[in-house]
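Lettering follows sequence order; numbering is per chain, from 1.
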Protein chains: 2
Amino acid sequence: MDPCDSNPLSRKLGAFVVLSGDELSILAALHQRRRCFVAGRDLVRQGQSQHAAYILASGWVCSYKIQADGSRQIIDFQIPGDFLGLRSVLLRTSDHSFEPIVDCEAAEVSASDLIVAFEQAPRLAAAVLWAASRDEAMLVEHLVGVGRRAADARVAHFLLELCSRLALVGLGNREGFDCPLTQYHLADALGLSAVHVNRVLRSLRERKLATFRDNHVCFHDYDQLARMAGFDDTYLDQSLPLLRRP
Amino acid sequence: MDPCDSNPLSRKLGAFVVLSGDELSILAALHQRRRCFVAGRDLVRQGQSQHAAYILASGWVCSYKIQADGSRQIIDFQIPGDFLGLRSVLLRTSDHSFEPIVDCEAAEVSASDLIVAFEQAPRLAAAVLWAASRDEAMLVEHLVGVGRRAADARVAHFLLELCSRLALVGLGNREGFDCPLTQYHLADALGLSAVHVNRVLRSLRERKLATFRDNHVCFHDYDQLARMAGFDDTYLDQSLPLLRRP
DNA sequence: CGGCACGTTGAATGCCATCAAGTGGGGTGG
DNA sequence: CCACCCCACTTGATGGCATTCAACGTGCCG
């Protein structure tokens, strides 16, 4: 079996750096301590300290922050191949919570696991740093969306970005992708009400741009949707200048 | 002269790690290549590559992203002691722009400068990583504000966070602080219109909570303002568990 | 069968954007 | 020295987008 297929993280990093066999097996070794989590039960709670970091192997997770008045803002969704709580394991108690959206499987990694891996394969460190930098670029783009985009462009942009991320690990393409999120998840992520998300989705459907139904997103006119959303994916797929070639 | 006073970065990091004399002089050495920038002329333009990183020594800068329709979202403000473009110097072309809000002074640092400094004083690396992590926590909180807070709480929270940051480098306290921002800056940062920012500021003034006028923010009732804004500053001043003591 | 979660739709309210007009200070040039 | 302009701020009027409240439909599961 090709290790790329068994391991979404390798697939993601491999899209930007040509990974050697050694590097692939080091990545695979990081996946040893597997743990399972059930949908809906928080993996890490806001304010908790001393928790591990994870690499998500299968399933979807969201990171969010709850406010005093009960409203919730979803910061980001994690899909297979993504890190989870990477920063907080090194430095601080967690300032937000993680909730599995579906049952999922994740590999627990400690700070020392990572340090050992980086010593054995320094290019991995740069690749992981690249991934972290990409995550932050997505966070910035998320802020722009919530701050400055109209509701329909915001929803559209979100779906397109998600698609690009999923495509990188083989879980989607320009036709569409499977998506376990509810309209409530979209609302909490996009700073909208669930009712309004529903209306926006109906509008996208009626305009023959995209359909989100039965846990599946289907793009009917990808290019026009991207135009309407102002979607420019350069912030997602910059390659690593430092690591062009081994 | 106490090096802490001459150097806001030392002061900021020194609030969380006890820095030795050696570490202080290494930090001071990073400030060698000083450059000046005039207000309003972009320091780094969106899409530009191959630029340096900076440590801001005096003045204010904002990082922002412009959209196709001309609207602008300010990502963050940089105040003395903050890094500027740290991530992009290591990894990628810049995905956003930097604009000096007032004339300011910054020290240019290259990736290799940093690496050398970190080799000489490894605890500095951890401290800088801590600062970067704090920046990201602020970005998350910014997203929460734009996504989930009403306009008055959003403005109030922004002013309170800014105050905490400035206090760390000796530029503010619970009474208030000097602030060169215009209402347009607030609007672009908070996802509001400038007209509405003006109304919100008036309301805060009339409710005797805070006044922002003539480049100065004055808190009249800090505690009530913090309560109204839901401001909880734990995300700002977590100390570094790894570096409690040398 | 009832309960529950998610989705869907209608109606009314309201927050905030937009348009418009006007104030006042600071700088520039005649 | 004054006219002029520009920028930041201010305030009012209007309207729209999104929220809120409410009700109902549907599929799933105990």
Enquirer: Mind calculating the distance between NE2 (B/H185) and P (D/dC7) to the nearest angstrom?
Expert: 13 Å
Enquirer: Please answer whether the main-chain N or O of B/L56 pairs with a side-chain N or O of B/Q78 as donor and acceptor at a distance below 3.5 Å.
Expert: no
Enquirer: Name the nucleic acid region contacted by B/G40, choosing base, sugar-phosphate or nothing; use a 4.0 angstrom heavy-atom cut-off, strictly under.
Expert: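 Touches nothing.
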Enquirer: Expressed in angstrom and rounded to an integer, what is the separation of B/R213 atom CZ from D/dC9 atom P?
Expert: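 Result: 11 Å.
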Enquirer: Strictly below 4.0 Å: does B/Q183 bring a side-chain N or O up to OP1 or OP2 of D/dT10?
Expert: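 Result: yes.
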Enquirer: Please tell me which of A/R148 and A/T182 maps to the more 5' nucleotide of DNA chain C, matching each residue to the nucleotide holding its nearest heavy atom.
Expert: A/T182
Enquirer: Considering only side-chain heavy atoms of B/N198, which listed nucleotide, D/dC9, D/dA22, D/dA18, is closest?
Expert: D/dC9
Enquirer: May I have the distance from B/N215 (atom CG) to D/dC9 (atom C1'), rounded to whole angstrom?
Expert: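 It is 12 Å, rounded to the nearest whole Å.
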Enquirer: So do A/H157 and A/R154 actually touch side chain to side chain, heavy atoms under 4.5 Å?
Expert: no
Enquirer: Round to a whole Å and report the spacing from CZ of B/F212 to P of D/dT10.
Expert: 10 Å
Enquirer: What range of DNA chain C does chain B touch, first nucleotide to last, counting atoms under 4.0 Å from its heavy atoms?
Expert: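 The protein-touched segment is C/dC16 to C/dC19.
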Enquirer: For a side chain to side chain contact (heavy atoms under 4.5 Å, CB included) with A/L84, tell me which candidate from A/V44, A/I55, A/V61, A/D76 qualifies.
Expert: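 Of the listed options, the one satisfying the test is A/V61.
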Enquirer: Answer yes or no: side-chain N or O of A/R199 and base N or O of D/dT20 forming a donor-acceptor pair under 3.5 Å.
Expert: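 Result: at least one qualifying N/O pair found.
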Enquirer: Is the shortest side-chain heavy-atom distance between A/Y54 and A/L43 below 4.5 Å?
Expert: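 Yes - at least one pair of side-chain heavy atoms lies under 4.5 Å apart.
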Enquirer: Answer whether the closest heavy-atom distance between the side chains of A/V155 and A/L192 falls below 4.5 Å.
Expert: yes
Enquirer: OP1 or OP2 of D/dT11 sitting under 4.0 Å from any side-chain N/O of B/R202?
Expert: yes
Enquirer: Is a side-chain N or O of A/R134 found less than 3.5 angstrom from the main chain of A/L236, in a donor-acceptor match?
Expert: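 It does hold such a pair.
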